[in-house]
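Here the structure comes first, spelled out in structure tokens, and everything after it is commentary.
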There are 2 protein chains.
Amino acid sequence: MHKEHSLTKNQQIIFDLIDKSTEPLKAYSILFNVQKKGIKAPLQVYRALDKLVEIGKIHKIESRNAFIACHNSRCQVAKATAFSICEICEKVTEISSAGLSKYLANFKDKDGMKYSKYNLEFFGLCKKCR
Amino acid sequence: MHKEHSLTKNQQIIFDLIDKSTEPLKAYSILFNVQKKGIKAPLQVYRALDKLVEIGKIHKIESRNAFIACHNSRCQVAKATAFSICEICEKVTEISSAGLSKYLANFKDKDGMKYSKYNLEFFGLCKKCR
DNA sequence: TTAGTTATTGTTATAATATAACATTGTGTA
DNA sequence: TACACAATGTTATATTATAACAATAACTAA
């Protein structure tokens, strides 16, 4: 019996916050913002974040230790992610390019490594900051 | 007058350690290993790491908070990095593929963002762990 | 060479990010 | 109901990284 991932209370609170945000959020900034909703401890935040990442509702921007909601509608599991990051204003955008994802999904290195997942972060200047 | 980046004492000690290592090293593991050489504080390690990353002698594996020596002979500045990471044994290898680097260096997203740098991390199982 | 400048170092303290361990509560299901 | 399992709550602590400032070394130009 298949079941959509319905979020639990804490997961929903934290997802809503991230989803509303226009910028990536850091764990302790999330914690600060949900304390009035009864989430008091870092672990409660990290557990929800872990789960949300696992089911693909959010992504972690590794170079920034921050989290953004997935805006790639078909992305149910986080196995192929690409972002652009502005080095001045820190704006982060999820890249949705069929060509890019096809190229990377098919990429094989010479060691014969089989890849099940990748994360790509581009850095540069966004239109506004250029 | 051009000058090769000659490393300072601390930078050299820390680079040697990373360069000899067969696996990525974490900052506090580095600290532990160089204490007998007189490097006593985290900041001394982080400062050397920052500089070594800046001049391209080492790379940071963002998803692991760990550092490896650059084995891409021509890589003097860290602006285009790609790694494969085994999710079981945690072996990390720098990918050196002309095709890949060319594809990514030329990649332009639809927002017209101009990229000056990227970091790509592939995850999967290495030959041994498959 | 000497002063000015800049990079590097040393040091203490602290900030920011993340997990361990364990008791408790809720939720779905047989 | 009772079992299994996921999620929660809580305290403590581990891990990763930087702030602030004083001291020293290295480079540059008059």
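For the OP1/OP2 pair of D/dT8 and a distance below 4.0 Å, the side-chain nitrogens and oxygens of A/T8 include at least one atom meeting the criterion. Residue A/N65 has no polar side-chain atom (N or O) positioned under 4.0 Å from OP1 or OP2 of C/dA16. In terms of phosphate contacts, A/Q44 brings a side-chain nitrogen or oxygen within less than 4.0 Å of OP1 or OP2 of D/dG9. For C/dT9, the OP1/OP2 oxygens have no side-chain nitrogen or oxygen of B/K9 closer than 4.0 Å. Side-chain N/O atoms of A/Y46 include one lying less than 4.0 angstrom from OP1 or OP2 on C/dA18.
Taking atom CG of residue A/L31 and atom P of nucleotide C/dA16, one finds them 13 Å apart after rounding to whole Å. Per the geometry, CG belonging to A/L52 stands 11 Å off P belonging to D/dA7, to the nearest Å. Distance, A/K26 NZ to C/dA15 P: 16 Å, rounded to whole Å. Distance B/Q11 CD to D/dA26 P: 13 Å, rounded to the nearest Å. Counting to the nearest Å, the C1' atom of C/dT17 and the CZ atom of A/R64 are 16 Å from each other. In this entry the distance linking NZ of A/K37 with P of D/dT8 reads 15 Å, nearest Å. As a whole-Å value, the separation of B/K40 NZ from C/dT12 P is 8 Å. In this structure, the CZ atom of B/F32 is 15 Å from the P atom of D/dT16, given to the nearest Å.
Aromatic ring orientation, B/Y103 versus A/Y103: parallel (interplanar angle below 30°, classes split at 30° and 60°). Using bins of under 30°, 30° to 60° and over 60° for the plane-to-plane angle, the ring pair B/Y118/A/F122 lands in the perpendicular bin.
At a cut-off of 3.5 angstrom, counting only N and O atoms as typed in the model, there is no donor on one side facing an acceptor on the other between the side-chain of B/Y28 and the base of D/dA14.
For the pair A/R64 and A/E90, the salt-bridge criterion is met [side-chain N within less than 4.0 Å of a carboxylate O].
Closest contact between the side chain of A/P42 and the listed nucleotides D/dA7, D/dT8, C/dA18 involves C/dA18. Nearest to the side chain of A/N10, among C/dA21, D/dT8, D/dA17, sits D/dT8. For B/R47, taking side-chain heavy atoms from C-beta onward, the closest of the listed nucleotides D/dA17, C/dT11, C/dA21 is C/dT11.
Looking only at side-chain heavy atoms (C-beta outward), B/I14 and B/L52 come within less than 4.5 Å of each other.
Side-chain contact, A/S63 with A/E121: a donor N or O sits under 3.5 Å from an acceptor N or O.
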